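Data first, discussion second: the structure below is written as structure tokens.
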Amino acid sequence: MNLEIDRDRLSREIEELARISDAEAPAVTRIIFTPTDLKARAWLIARCEEAGLTVRKDPIGNIFARWTGSDAAAPAVGTGSHIDAIPNAGKYDGVVGVLGGLEAIRALQRSGFRPKHSVELLVFTSEEPTRFGIGCLGSRLLSGTLSAEAARKLTDKDGTSLEEVRRKAGLEGALENVKLPNGYFKAFVELHIEQGPLLERHGIPLGVVTSIAAPASLRISIEGAGGHAGGVLMPDRRDALCAAAELILAIENAARMTEAIDTVATVGICEVFPGAVNSIPSRVQLSVDIRDTNLERRDDVMREIESARDAIAAKRQVLIEEKLLNADAPAECAPEIIDALSQSCAKHGEKFMPMVSRAYHDSLFMSRIAPAAMLFIPCRNGYSHRPDEYASPEDIARGALILAETLARLAE
Ligand SMILES: [Zn+2]
């Protein structure tokens, strides 16, 4: 089998997809089910059909592009990632796994390889939590981690329900039908940029992911009392933003306290109401993201945040409500997929390092229903989720090559 990645075509396709964006180049913004996202999906489906793949969509819009194997009834070998992008993001997050996965399949086709197991490229719906507040919507539903009932309760910030949004996007059928039957996938492997600096720092071109950190996210709302910034005297105040400030620092402290390098906590959104210079903040909404490779430690941090929250609410006489959006367990990647990836690297003489994924990915949820693992390539300075995110064509092609080799090993 002579595998050759068409690096120029792959680079061209990455550029082409990046132009389907709601932000000015080089930034990419593609929020799920916006006209731009729908255009990108149509463009991608056309590329898959050109490659002779059979394309279907499920009721949440996950795209499956299948290269049918000689044993069509056997469980498939899956690869893929996402093409949605947060506001002002870069071109590579997710896209490398989707277009790299497509190119890996095309390289296998060109080599004359014929799979026994079908090889399926997946494009997951809403890996990013931008619109509905929850990340990995598509893979959560596929794996049964999120129930159809819970998904139906999701709304975007305009109050439009997920049901309405997806039907407008032309997606029919009940969300109950998204969950994959047991044994659908024999294996799943996702190619992705590292979104961290370690590969670059060590001068190693590939990372084989052995575990994925456990994420949790909270939405906290703090209700105080508003009023005139001149009229209400300090002893009478119940300023929601001052309470939020204390809570934000308590959250940072809770993560630092574990002294573990893998514990991180971030308050990424702070919305202040009514938001006027001469008005005391009456209400604040915070979005909190907490992650760790160790579930117990992550949950300790969450308990620490809860007790800080109660103390601050009592001291400042404000009402603090907390909504847990998700708290997922970490995933251990499957030894047989890690093996297949390692052997593929060895065969092509490529160095790799085993690593932990601190960002979470659709593979976290795919690992609940199939043996799964991930392959990382370096990205410049570890930057991601920003317009200057960059992975070199050489690194991307190398990743696609090892992915192709791995898919062949798993599908033969
Ligand atoms: Zn991603």
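Atoms within each ligand, like the ligands themselves, are counted from 1 in listed order. As the structure is a computational prediction, the values presented were derived from the model and not from experiment. Quick note: numbers below take in every heavy atom, side chains included, and nothing from hydrogens, waters or symmetry partners.
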Subject >> Pair Phe188 and Phe124, ring centroids less than 6.0 Å apart >> reply: yes

**OP:** Could you check which N/O/S atom of His192 is closest to the Zn ion (ligand 1)?
**Re:** NE2

Subject >> Closest approach to the Zn ion (ligand 1) by Asp93, given as the N, O or S atom name >> reply: OD1

**OP:** Give a yes/no verdict on a cation-pi contact between Arg47 and Trp43, requiring under 6.0 Å between NZ or CZ and the six-membered ring centre and an angle within 45° of the axis.
**Re:** yes

**OP:** Mark yes or no for whether Ser342, through its side chain, and Ile338, through its backbone, hold a donor-acceptor pair below 3.5 Å.
**Re:** yes

**OP:** Look only at the side chain of Glu190 and the backbone of Ser363, and say whether a donor-acceptor pair between them is shorter than 3.5 Å.
**Re:** yes

**OP:** Confirm or rule out an N/O/S atom of His361, from backbone or side chain, lying less than 2.8 Å from the Zn ion (ligand 1).
**Re:** no

